[in-house]
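Some notes on the structure that comes next.
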2 protein chains.
Amino acid sequence: MGMGTNWLNDVEMRAWRSMLSAHSQLYNQLDEELVKAHGITFAEYEVLVHTSEGQGGSVRMASLAEATLVSRSGLTRRVQHLVAVGLLERRRCKEDKRGTFAVLTPLGWEKLRAAAATHVRGVREHMISKLSRVELEALADALEKVAGQNSGLG
Amino acid sequence: MGMGTNWLNDVEMRAWRSMLSAHSQLYNQLDEELVKAHGITFAEYEVLVHTSEGQGGSVRMASLAEATLVSRSGLTRRVQHLVAVGLLERRRCKEDKRGTFAVLTPLGWEKLRAAAATHVRGVREHMISKLSRVELEALADALEKVAGQNSGLG
DNA sequence: ATGAGATAGTTGCAATGGCAATCAAATTTT
DNA sequence: AAAATTTGATTGCCATTGCAACTATCTCAT
């Protein structure tokens, strides 16, 4: 602005760059492991997880979009694909005829159960095992502050 | 495997979920701010930054791809676009005729200078200001451990 | 009840990005 | 030095995704 840019100092730069790098590596690694072992992407796995947390394994589309950090149109198509491969069903909402539920099928529950084992193992191996308990807590606390008020699911 | 999945406990889950959430929010926010203020995406900004760090504002394509966490084909097209809008030039490498340098143009330097101010302000506002100095250091340390041996650029 | 506006969800379209194949040039092997 | 392999980079093709536009339904003010 008036003067030259007040650049990020070393700690600030390390925090920001390692955030990009750690996220990228973790995401790609976990995604690859799920695809190889179970034929679903991490994004699809996230849909199954959040669906399973709703009443009777069913969640409204908008809520699912928010939980999985994707746009509504993006979610529509992800669900379309998961329906096509038999892991989800769509159910019309009786209270609000505009609404739609995504519902886990028995096959979806089974896929989720199997994929969760792979996913949890991956998170432990690629993230948690690299940190002490204290470091992990500090990481969780700091990241939650950065993420802001995003605790509940909806 | 023999027994049920050993689920993530509370701290582990908080760390992992907040990583996804914090990254998503930060990335989208910083991207939007750059697009609005300077007409370039965050991904493009990253290319300008890493190019500026090379000798004479020039970097080999492969090195740039690695630094910006994108595939080589993805980088080829990003650079194509930045060339089309006049922020970069391509220069053939004399020592290795297969190679190509991306080189910042004067316009590219100017755009970088302006965009950096916006970007740094955004990082401070959306990440750094939410943490104490101690928390920030803990975050940087933890994320670097998760990211592994990715310090140098190339 | 009716019309204005908000909300749930889907679709067209365009941008982005990765994988595999390809081409050119460098390096290694024999 | 010819052949085989590796490496740098680009392109074709396809999958994913977001924005804007659209439809259907709901809510609220009058």
Side-chain angles (χ1 to χ4, degrees), chain A residues 20 23-25 27-32 34-36 39-47 51 54 58-85 88-103 154, chain B residues 20 23-25 27-36 39-47 50-51 54 58-85 88-103 154:
Chain A
L20 292 177
H23 175 272
S24 170
Q25 287 187 237
Y27 189 97
N28 292 136
Q29 184 74 39
L30 294 172
D31 185 61
E32 184 185 327
L34 279 180
V35 169
K36 278 200 174 137
I40 61 173
T41 64
F42 176 64
E44 290 167 344
Y45 171 75
E46 284 274 278
V47 171
T51 304
S58 74
V59 183
R60 287 287 291 273
M61 297 292 283
S63 171
L64 205 41
E66 196 175 355
T68 57
L69 307 173
V70 77
S71 69
R72 290 189 180 192
S73 58
L75 183 81
T76 291
R77 287 182 261 245
R78 258 192 227 171
V79 167
Q80 277 172 355
H81 181 237
L82 288 168
V83 167
V85 298
L88 287 183
E89 282 177 0
R90 293 162 51 82
R91 186 191 300 152
R92 303 179 50 94
C93 175
K94 311 217 166 180
E95 297 81 46
D96 185 341
K97 287 175 186 167
R98 298 166 302 181
T100 304
F101 284 99
V103 192
Chain B
L20 293 177
H23 175 273
S24 170
Q25 287 188 238
Y27 189 98
N28 293 136
Q29 184 74 39
L30 294 172
D31 185 62
E32 184 186 328
E33 288 172 3
L34 280 179
V35 169
K36 278 200 174 137
I40 61 173
T41 64
F42 176 65
E44 290 167 345
Y45 171 76
E46 283 275 278
V47 170
H50 288 284
T51 304
S58 73
V59 183
R60 288 287 291 272
M61 297 295 282
S63 171
L64 204 41
E66 195 175 357
T68 56
L69 307 172
V70 77
S71 69
R72 290 189 178 190
S73 59
L75 183 81
T76 291
R77 285 182 262 245
R78 261 193 225 170
V79 167
Q80 278 171 353
H81 181 238
L82 288 168
V83 168
V85 297
L88 287 183
E89 283 177 359
R90 294 162 49 82
R91 186 191 302 153
R92 302 180 49 97
C93 175
K94 312 216 164 181
E95 297 81 48
D96 185 340
K97 288 176 186 167
R98 296 167 302 181
T100 303
F101 284 99
V103 191

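By convention in this document, chain letters (A, B, ...) are assigned in the order of the sequence lines, proteins followed by strands, and residues within each chain are numbered from 1.
Within the nucleic acid shown, A:T76 comes within 4.0 Å of at least one base atom, counting heavy atoms only. Contact annotation for B:S73: base contact, defined as any heavy-atom pair under 4.0 Å involving a base atom. If you check every strand for non-hydrogen atoms under 4.0 Å, B:R92 touches nothing.
The A:R98 side chain lies nearest to C:dA6 when the options are C:dG18, C:dG17, C:dA6. Residue B:V70 has its side chain nearest to C:dG18 when only C:dG18, C:dT10, C:dG9 are considered.
A:R78 has its CZ atom 16 Å from the P atom of C:dG9, to the nearest Å. Distance CG (B:L69) to P (C:dT16): 18 Å, rounded to an integer number of Å. One can place CG of A:L75 at 10 Å from C1' of C:dG9, the figure rounded to the nearest angstrom. Atom CG in A:L64 sits about 14 Å away from atom P in C:dA8, given to the nearest Å. To the nearest angstrom, P of C:dG9 lies 14 Å from CZ of A:R91. The nearest whole Å value for the distance from the CZ atom in B:R72 to the P atom in C:dC23 is 18 Å. Here the P atom of nucleotide C:dA25 and the CZ atom of B:R60 are 14 Å apart, to the nearest Å. One interatomic measurement links the two molecules: CE of B:M61 to P of C:dA25, which rounds to 17 Å at whole-angstrom precision.
Contact check for B:R78 versus B:L64: no side-chain heavy atoms found under the 4.5 Å cut-off. Contact check for B:L30 versus B:E33: side-chain heavy atoms found under the 4.5 Å cut-off. Looking only at side-chain heavy atoms (C-beta outward), B:E46 and B:L69 stay at 4.5 Å or farther from each other. Residues A:N28 and A:S24 are in side-chain contact: their nearest non-hydrogen atoms beyond the backbone lie under 4.5 Å apart.
Between A:D96 and A:Q80, the residue whose closest nucleotide on DNA chain C is further toward the 5' end is A:D96. Projected onto DNA chain D by closest heavy-atom contact, A:K97 and A:S71 fall at different nucleotides, the more 5' of which corresponds to A:S71.
In the interface, the side chain of A:R77 is not paired with the base of C:dG9 through any donor and acceptor atom under 3.5 Å apart.
Partner of A:V79 under the side-chain contact (heavy atoms from CB on, under 4.5 Å) criterion, out of A:L88, A:T100, A:T51: A:L88 alone.
Distance check: A:E32 CD to A:T41 OG1 gives 13.0 Å after rounding to the nearest 0.5 Å.
If you walk DNA chain D from 5' to 3' and mark each nucleotide with an atom closer than 4.0 Å to a heavy atom of chain B, the marks span D:dT7 to D:dC13.
Relative ring orientation between A:Y27 and A:F42 is described as perpendicular, the plane-to-plane angle rising above 60° on a 0-90° scale split at 30° and 60°.
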